[in-house]
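What's counted below: heavy atoms across the whole structure, side chains too, no hydrogens, waters or symmetry copies. For clarity, every value in this text was computed on a predicted model and none was experimentally measured.
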Amino acid sequence: MNKDLSKIRLFAMDVDGTLTDGKIYMGENGEVMKSFDVKDGLGIKLLIAQNIIPAIITGRRSLIVENRCREIGITEIHQGVKKKDTVLRALMDKYHLSPEETAYIGDDINDLSAIREAGATFAPADCARQILPFIDFPLTKKAGDCPVREAIDLILDGRFHAEDFSAI
């Protein structure tokens with residue numbers, strides 16, 4: 001792929017099926033659990049350390065997502081979103097960014113509107129086949145198995161080196 005990821009300044013993410021395995025565990029009082037991988041969390045902290053804005057744009061609402069975002073430093077949290085492209089464009093406007101400075105990772109057709117707005121797009125290995133024609137970087141990792149970190153590593157390639165790491 002011929003996209004210049006060194007220009008990325010905003011990395012927007014879906015949650016279920018990207019940061020999680022896509023399974024929703026429900027109890028009698030609603031959602032009770034989601035599984036996040038620590039490697040994705042550290043990757044997001046590395047983005048922040050490189051002045052790249054991480055953002056969540058998800059169709060569901062979840063206190064679990066809010067708690068995880070707070071824990072790893074994501075402040076742009078947009079839940080219950082039906083039109084993901086509208087939110088992504090608003091974030092681009094807010095931070096004065098072009099599509100070339102914007103990346104998005106999603107896994108299913110409800111992400112397609114945002115995928116079409118971003119300049120660089122990623123999807124987990126087990127994404128819905130319908131979105132593959134619109135994905136710049138099909139990843140090797142499945143949902144919940146660190147596809148977000150795989151995308152972040154591609155974005156940070158050349159900007160960040162492990163030997164430069166200091167506790168974040």
**Study point:** Closest non-hydrogen atom pair between P124 and T18, with its separation
**Key:** CG-CG2, 4.0 Å
Review point. Taking S113 for the side chain and K83 for the main chain, is one N or O donor matched with an acceptor at less than 3.5 Å?
Key: no
Practice item. Report the distance from atom CG of L97 to atom CG of L91, rounding to the nearest 0.5 Å. Key: 9.0 Å
**Study point:** Derivation and outcome, side chain to side chain contact (heavy atoms under 4.5 Å, CB included), residues L10 and L88
**Key:** CA-CA 10 Å; L10 170 67; L88 186 59; 4.0 Å; yes
Exercise for review: Evaluate the side-chain proximity of F11 to V148: yes if any heavy-atom separation is below 4.5 Å, no if none is.
Suggested key: yes
Practice item. State yes or no: do I109 and Y104 share one hydrophobic cluster built from I, L, V, M, F, W and Y residues joined by side-chain heavy-atom distances below 4.5 Å, directly or via other members? Key: yes
Practice item. Search all heavy atoms of G73 against all heavy atoms of I48 and return the closest pair with its distance. Key: O-CD1, 3.5 Å
Check your understanding: Is I24 reachable from M33 through a run of I, L, V, M, F, W or Y residues, each pair having side-chain heavy atoms under 4.5 Å apart?
Key -> no
Check your understanding: Quick one: do D93 and R89 make a salt bridge, cutoff under 4.0 Å?
Key -> no
**Study point:** Atom pair CZ (R159) and CG (L46), whose distance is rounded to the nearest 0.5 Å
**Key:** 12.0 Å
Check your understanding: Could you walk me through whether I57 and D111 pass the side chain to side chain contact (heavy atoms under 4.5 Å, CB included) check?
Key -> CA-CA 9 Å; I57 305 174; D111 295 301; over 6 Å; no
Practice item. Would you indicate whether the side-chain heavy atoms of D107 and D14 approach each other to under 4.5 Å? Key: yes
Check your understanding: Is there a side-chain contact between K84 and V81 (heavy atoms, below 4.5 Å)?
Key -> yes
Check your understanding: Can any side-chain N or O of D40 pair as donor or acceptor with the backbone N or O of R149 at less than 3.5 Å?
Key -> yes
**Study point:** Backbone of L47 reached by a side-chain donor or acceptor of Q50 within 3.5 Å
**Key:** no
Practice item. Take T58 and H78, measure what side chain to side chain contact (heavy atoms under 4.5 Å, CB included) needs, and give me the verdict at the end. Key: CA-CA 6 Å; T58 181; H78 305 272; over 6 Å; no
Point to revise | Flag, side chain of D108 to backbone of N110, donor-acceptor distance under 3.5 Å | key: no
Point to revise | Results of salt bridge (Lys or Arg N to Asp or Glu O under 4.0 Å) for K94 - residues two or more places apart only | key: E76
Practice item. List the atom of M92, the atom of E117, and the distance in Å for their closest heavy-atom pair. Key: CE-O, 4.3 Å
Point to revise | Distance in Å, K34 NZ paired with D16 CG, rounded so as to fall on 0.5 Å steps | key: 3.0 Å
Point to revise | E66 and Q79: CA distance, side-chain angles, deciding distance, side chain to side chain contact (heavy atoms under 4.5 Å, CB included) verdict | key: CA-CA 9 Å; E66 287 179 36; Q79 299 193 78; 3.2 Å; yes
Check your understanding: Measuring from I64:CD1 to Y25:OH, what's the distance to the nearest 0.5 Å?
Key -> 11.5 Å
Review point. Hey, what do you get for CD1 (I8) to CD1 (I152), rounding to the nearest 0.5 Å?
Key: 12.0 Å
Practice item. Quick one: list whatever passes salt bridge (Lys or Arg N to Asp or Glu O under 4.0 Å) with K141, sequence neighbours left out. Key: none
Point to revise | pair I72-I74: side-chain heavy atoms closer than 4.5 Å | key: yes
Check your understanding: Of all heavy-atom pairs between D126 and A143, which one has the smallest distance, and what is that distance?
Key -> OD1-N, 2.9 Å
Exercise for review: Answer whether the closest heavy-atom distance between the side chains of S35 and T20 falls below 4.5 Å.
Suggested key: no
Exercise for review: Describe, in one word, how the ring planes of F137 and F122 are oriented to each other, choosing from parallel (under 30°), tilted (30 to 60°) and perpendicular (over 60°).
Suggested key: parallel
Exercise for review: List the atom of V38, the atom of R68, and the distance in Å for their closest heavy-atom pair.
Suggested key: CA-NH2, 4.0 Å
Study note, to complete from the structure: In this structure, CD1 of I44 is separated from CG of L19 (nearest 0.5 Å) by 5.0 Å
**Study point:** Nearest heavy atoms of K142 and P147, plus distance in Å
**Key:** O-CD, 3.2 Å
Review point. In chain order, what residues pass the side-chain hydrogen bond (donor to acceptor under 3.5 Å, both in side chains) check against R116, with sequence neighbours excluded?
Key: none
Exercise for review: Dump the intermediate steps for salt bridge (Lys or Arg N to Asp or Glu O under 4.0 Å) on K3 and D136, then the final yes or no.
Suggested key: CA-CA 8 Å; K3 299 268 179 161; D136 300 315; 3.5 Å; yes
